[in-house]
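In what follows, a single structure is set out as structure tokens and then discussed.
Counting begins at 1 with the first residue of the sequence. Read the numbers this way: they start at 1 and go in the same order the structure lists the ligands and their atoms. Reckoned from all heavy atoms, side chains included, excluding hydrogens, waters and symmetry mates. The model shown is predicted, which means the values in this text are computed figures rather than measured ones.
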Amino acid sequence: MPEAKGLFVTATSTEVGKTYVTALIVKKLREAGYNAGYYKAALSGLEKTKAGLQASDAGYVKQVAGLDEDLSNLVTYIYENPVSPHLAAQMEGNPVELPLVKAAYAKAAAKYDYLTMEGSGGIMCPLRYDSSARIFLEDVIKELNLGTVLVAHAGLGTINAVVLTVEYMRYRDIAVKGVILNHFCGSLMELDNKKMIEELTGIPVLALVQENAVEINLEAGRLAALYA
Ligand SMILES: Nc1ncnc2c1ncn2[C@@H]1O[C@H](COP(=O)(O)OP(=O)(O)OP(=O)(O)O)[C@@H](O)[C@H]1O
Ligand SMILES: [Mg+2]
């Protein structure tokens, strides 16, 4: 069976638009004929019901990108408390096990050619932190040998947030292939943010995603080339 090429989507923080942008990426690839899929290791703040799952990141991407997939294959750990997975697991049990995440990713990788994995929160989000294990997102990224794209807000404060994240990821030897700026309105400041991010990090800003965008302004072939 073919092994998918993978890409990890992280962000400068939680709620910045990883799911929104990922859905547009997977949709674009699929519309261009690429066999593209989605996977997320851990979701928090969710009722463990069918409706809860449908309203989740996985449910959103499935619907927008038109994935014909059982939601249980798209996400492995679900926590009810709306906190980081490490804390949710301390409260609810069922802490993240790396082999389970690897197995679920491998199952998806066997089915798709281009697999996008969404992170939880920003890059420094602890997935598990207890007396038995400490697992961070970067452990998953390294274990699965993934390159990343970084989603950030287009507006005020983003130069600082992007540069700090990129420098940390460099320090940890994680490849950042590009930045995607979300909630882009077209202001002078936002255009300067794009320029400054590229100058200060040397990493290209791949796309500017507007409010309620239904398409990502990045050619499918260029998107596909980000996967490795
Ligand atoms: N470009 C956009 N236009 C309109 N709404 C957006 C856009 N980007 C994000 N949103 C909305 O902002 C909220 C947060 O976005 P999203 O869920 O994608 O963030 P996230 O980074 O995936 O968060 P988490 O860390 O919880 O996974 C959602 O309600 C989403 O629909
Ligand atoms: Mg999300």
State plainly whether the residues R170 and E167 are in salt-bridge range, i.e. N to O under 4.0 Å.
-> yes
Could E215 and K27 be called an ion pair, given the rule that one side-chain N must be under 4.0 Å from one carboxylate O?
-> no
What part of N182, side chain from CB on, backbone N/CA/C/O, both or neither, has a heavy atom under 4.0 Å from ligand 1?
-> side chain
Looking at the Mg ion (ligand 2), is one of the N, O or S atoms of D57 less than 2.8 Å from it?
-> yes
Which atoms of ligand 1 are found less than 4.0 Å from any heavy atom of Q210?
-> 1 (N)
Protein heavy-atom contact under 4.0 Å for atom 12 (O) of ligand 1?
-> no
S120-ligand 1 polar pair, N/O distance under 3.5 Å = no
K102 side chain near L144 side chain, heavy-atom distance below 4.5 Å = yes
For V209, is at least one N or O under 3.5 Å away from an N or O on ligand 1?
-> no
Atoms of ligand 1 close to G17 [distance to a heavy atom under 4.0 angstrom, numbered from 1] = 15 (O), 16 (P), 18 (O), 19 (O), 20 (P), 21 (O)
Given the protein's heavy atoms, is any one of them under 4.0 Å from atom 29 (O) of ligand 1?
-> no
Quick look: E118 vs ligand 1, heavy-atom contacts under 4.0 Å, and the answer is side chain
Do S84 and P126 come within less than 4.5 Å of each other through their side chains, counting heavy atoms only?
-> yes
Tell me which part of V21 gets within contact of ligand 1: side chain, backbone, both or neither, using heavy atoms under 4.0 Å.
-> neither
Can you find an N or O of A213 that's nearer than 3.5 Å to an N or O of ligand 1?
-> no
Have a look at E69 and tell me which of K62, K111, R30, K107 forms a salt bridge (charged side-chain N to carboxylate O under 4.0 Å, His left out) with it.
-> K111
Would you confirm whether any non-hydrogen atom of the protein falls under 4.0 Å from atom 9 (C) of ligand 1?
-> yes
Any G121 heavy atom less than 4.0 Å to ligand 1 | yes
Give the atoms of ligand 1, by number and element, whose distance to some non-hydrogen atom of V16 is under 4.0 Å.
-> 19 (O), 21 (O)
Report yes if the side chains of Y112 and L67 come closer than 4.5 Å at any heavy-atom pair, otherwise no.
-> yes
Indicate, as side chain, backbone, both or neither, the part of K40 found under 4.0 angstrom from ligand 1 when only non-hydrogen atoms are considered.
-> side chain
Does the pair K194/E198 count as a salt bridge with the N-to-O cut at 4.0 Å?
-> yes
Indicate yes or no: does an N/O atom of S13 lie under 3.5 Å from an N/O atom of ligand 1?
-> no
Is the Mg ion (ligand 2) less than 2.8 Å from an N/O/S atom of S120, whether that atom is in the backbone or a side chain?
-> no
Output the list of atoms in ligand 1 that are nearer than 4.0 Å to some heavy atom of D57, sorted by atom number.
-> 27 (O)
Can you find a heavy atom in the side chain of I180 that is under 4.5 Å from one in the side chain of V209?
-> yes
